[in-house]
Amino acid sequence: MAGHCRAMAARLRAWLGMGCPSCWLRGWHRSPGLLGARLAHGGAADRLQQEYDAVVIGAGHNGLVAAAYLQRAGVRTVVLEKRHVLGGAAVTEEIVPGFKFSRASYLLSLLRPQIYAELELQQHGLRVLPRDPYSFTPLLEDRSSPRSLLLGHNMTQTQQQIAQFSQKDAQAYPEYEAFMGGLVLALDPLLDAPPVDTAALGQGSLLQRLRALQALRPLLRAGAGSWTWCRSHAASAPPGLALGWQLPRYYEVLTAPISKILDQWFESEPLKATLATDAVIGAMASPHTPGSGYVLLHHVMGELEGRRGAWGYVAGGMGALSQAIACAAAAQGAHIFAEKAVCHVLLGRDGRAQGVALQDGTEVRSKLVLSNASPQITFLELTPQEQLPKDFIQRIRQVDTRSPVTKINVAVDRLPSFLAAPNARDGQPLPHHQCSIHLNCEGTHLLHQAFTEATHGHPSSRPMIELCIPSVLDPGLAPQGCHVVSLFTQYTPFKLAGGQPWDEHARNAYADTVFDCIEAYAPGFKASVIGRDILTPPDLERIFGLPGGNIFHGGMSLDQLYFARPAPSYSGYRSPVPGLYLCGSGAHPGGGVMGAAGRNAARVALEDFRRL
């Protein structure tokens, strides 16, 4: 099997000219997926109609979710996507012939369970492959058998792994997991509703005020969730002080640097650094940055097949999730077009959104316009500036979109063999191969050092690397014996020091640094590489419309969440332009393949539509 793949790899290398230092693979055509396709119920007319009830700009997963809910409610909806493939950042593309990559986002956990059930995504082809164990951190140590840390859902085995480094930490870990679970439970109700409109509580008629009071229910439910958890864990708190004991600690997690929180629980650096990766991933932040604790919570508040905090691969790559949502929308009658780039939002004399104009000059009229694009694209490029308040425009321009991420997709002809966990002789996958493999994570000081270099405009010399091999659980992604490898790396600044461009040389130089790091942990990795696709922050912005390359459409810091996302007084999906709504990751509750923003925005838009 491995020999078959290596022979094919040799032919591919010869064809691609792998002797050339550039592996950017510019001339390749991607797998079509839903290339140029328009999904419609029952094979309806294949032409774009001139008028709909609602237009959704962008077929990212949130836009597709919004379209599905609107169409399900009887609102005639069309989705217009500028790229050749649906899904936004949740796409599957054949970068190397025969190798199918989740080119941008690559793991699933955060998608709201209501969306799974209400859109019947399993019936529309979605299949998720859970991972257990889920985290593997090999160490570079000057010893014959370097150690590693393997975390999974079996608590006893996980504690045994942690005990290699600290018996104290092994004993504390279950309580830490329970504490974080309680905080997630408390925050969960806030994800599925618009933020509270505090201004509306004191304005309007009595009926309007009562309606505004209903928006407080998620906040009250959040408090109730915290109270329920605290009561169930009261035995570990001073008598009668369970709630008072927990809430200050919850507040601290939300506001403090994650390094401070982890230092309170643990002493072993490999465990702290492994946990800290979830607090900085996708964020231009160090473990020592205040508020990084919330980013960790954002990554552990997901659910997969009923298991809290679990992450898995989507069979067929992340594009299969987008296709399932698109099929759910199309089954209800929504029209979905690729290669239809929106030029600007059309406004009526009364200032209301009345549809969109496409780059080819086509106009599509509608009563509602929902934008899955970032706030920057939506309000600074697609909306006439004279129709927006100046302070609102200033707020959007000031959103922190700094990104640390360079995503590298790699085709290999064999599995990496780590010094800390060598491969079996038959080359078959071992349990750790299905995990998120954390490299350069021996200690939180390494993460901080990598961050510091990027703040000065230099790509990290020892970057934080999250390495995943989805083809271990989904072999159809690669030819027999070969594998696809996803490298989510940090930290790389959007702008390099001295005004240097992110050109071909800079891309490949950084990728070579990443590959050298992997080689140190898994000798032979570089020799296994068939092809690679390097996406720096400017590339992520250009290809996927991610502002600054930010995977969340804007930082997930506390000053850019809830009431303030994307701007104060506009956190409820409605924009300053009547009839124009934001439904992407730049809206509450933020980034990740969650779908909550799309579902929430659709419900708000539907409420307004019924009043028209």
message: side-chain contact (heavy atoms from CB on, under 4.5 Å), that's the test. Do L86 and V79 meet it? Break it down for me.
response: CA-CA 10 Å; L86 304 183; V79 183; over 6 Å; no
query: Should Q490 and S460 be marked as a side-chain contact (heavy atoms from CB on, under 4.5 Å) after you check the CA-CA gap, both sets of side-chain angles, and the distance that decides it?
result: CA-CA 7 Å; Q490 296 179 208; S460 303; over 6 Å; no
field: Check against side-chain contact (heavy atoms from CB on, under 4.5 Å), Q376 and E381
entry: CA-CA 7 Å; Q376 293 77 11; E381 297 182 24; 5.9 Å; no
query: Where do H61 and I325 land on the side-chain contact (heavy atoms from CB on, under 4.5 Å) test, with the steps shown first?
result: CA-CA 7 Å; H61 78 281; I325 302 172; 4.2 Å; yes
query: Please walk me through it: do D516 and K526 pass salt bridge (charged side-chain N to carboxylate O under 4.0 Å, His left out)?
result: CA-CA 8 Å; D516 287 341; K526 291 198 292 186; 2.6 Å; yes
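Between the H84 side chain and the E339 main chain, no donor and acceptor come within less than 3.5 Å of each other. In terms of modelled atom types and a separation under 3.5 Å, the side chain of N62 and the main chain of G598 share a donor-acceptor contact. Between the side chain of E93 and the backbone N or O of I95, no donor-acceptor pair lies under 3.5 Å. In this structure, S585 contributes its side chain and H553 its backbone to no donor-acceptor pair below 3.5 Å. Checked by atom type and distance alone, the side chain of S105 pairs as donor or acceptor with a backbone atom of A89 at under 3.5 Å. Formation of a donor-acceptor pair under 3.5 Å by the S417 side chain with backbone atoms of A522 is not found in this model. Here the side chain of T489 pairs a donor or acceptor atom with the backbone of T406 at under 3.5 angstrom. A donor-acceptor pair is defined here as one N or O able to donate and one able to accept, closer than 3.5 Å; such a pair exists between the side chain of H433 and the backbone of P416. Remark: the backbone N or O of T77 is paired with a side-chain donor or acceptor of Q71 at under 3.5 angstrom.
What you find for F552 and N550 is that their closest heavy atoms are N-OD1, 2.8 Å. The nearest pair of heavy atoms linking A420 to P422 is C-CD, 3.9 Å. When all heavy atoms are compared, the tightest approach of A602 to A66 is CB-O, 3.7 Å. Nearest heavy-atom pair across L110 and G591 is CD1-O, 4.4 Å. Closest heavy-atom contact between G63 and N372: N-OD1, 2.7 Å. Here the closest heavy-atom approach between residue A320 and residue T92 is recorded as N-OG1, 4.0 Å.
In this structure, T378 and I57 have side chains that are not in contact, with every pair of non-hydrogen atoms separated by 4.5 Å or more. Between P459 and T513 the shortest side-chain heavy-atom distance does not fall below 4.5 Å. Side-chain atoms of I551 and F544, non-hydrogen and from C-beta on, never get closer than 4.5 Å to each other. You'll find the side chain of L107 reaches within 4.5 Å of the side chain of R131, heavy atoms only. Annotation: side chain of N409 is in contact with side chain of L535 (closest heavy-atom distance under 4.5 Å). T277 is not listed as a side-chain neighbour of F488, based on a closest heavy-atom distance of 4.5 Å or more. In this structure the side chain of E466 reaches within 4.5 angstrom of the side chain of H438, judged on heavy atoms. Side-chain contact between L140 and E442: present, with at least one pair of heavy atoms (C-beta onward) separated by less than 4.5 Å.
A perpendicular orientation is assigned to the rings of F337 and H335, their planes being inclined by more than 60° (bins at 30° and 60°). Ring-plane geometry between F136 and F418 is classed as perpendicular, the angle between the planes exceeding 60 degrees on a 0 to 90 degree scale with a lower cut at 30. The aromatic rings of W502 and Y510 lie perpendicular to each other, with more than 60° between the two planes, well past the 30° mark. Between F451 and Y491, the two ring planes are perpendicular [angle over 60°; tilted spans 30° to 60°].
Counting non-hydrogen atoms of neighbouring residues, nucleotides and ligands closer than 6.0 angstrom, the NE2 atom of H344 exceeds 12 such neighbours. More than 12 heavy-atom neighbours from other residues, nucleotides or ligands sit within 6.0 angstrom of CD on Q114. Heavy atoms of other residues, nucleotides or ligands lying less than 6.0 angstrom from CZ of R127 number 12 at most.
For the atom pair CG of L487 and OH of Y106, the computed distance is 9.5 Å after rounding to the nearest 0.5 Å. A distance of 13.5 Å separates CG of L358 from NZ of K82, quoted to the nearest 0.5 Å. Here NE2 of H458 is found 8.5 Å from CD of E453. Values are rounded to the nearest 0.5 Å. Distance check: L64 CG to I115 CD1 gives 11.0 Å after rounding to the nearest 0.5 Å. Annotation: the span from C517 atom SG to L439 atom CG amounts to 8.0 Å, rounded to 0.5 Å. Distance check: L447 CG to N440 CG gives 8.5 Å after rounding to the nearest 0.5 Å.
A search for side-chain contact (heavy atoms from CB on, under 4.5 Å) contacts involving E541 returns F494, not counting sequence neighbours. Checked against side-chain contact (heavy atoms from CB on, under 4.5 Å), R147 has the following partners two or more places apart in sequence or in another chain: L139, E141, R143, Q164, F165.
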Quiz: residues 467-474 side-chain donor-acceptor pairs under 3.5 angstrom, not counting sequence neighbours:
residue, atom, partner, partner atom, Å
S471, OG, H483, ND1, 2.7
S471, OG, V484, N, 3.1
D474, OD2, G316, N, 2.6

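Screening S145, P138, S148, P523 for a side-chain contact (heavy atoms from CB on, under 4.5 Å) with L419, the sole residue that qualifies is P523. Considering R103, R507, K407, K100 as possible partners of D533, the one that fulfils the salt bridge (Lys or Arg N to Asp or Glu O under 4.0 Å) test is R103.
For the residue pair Y69 / E118, a side-chain donor-acceptor distance below 3.5 Å is found, with atom types taken as modelled.
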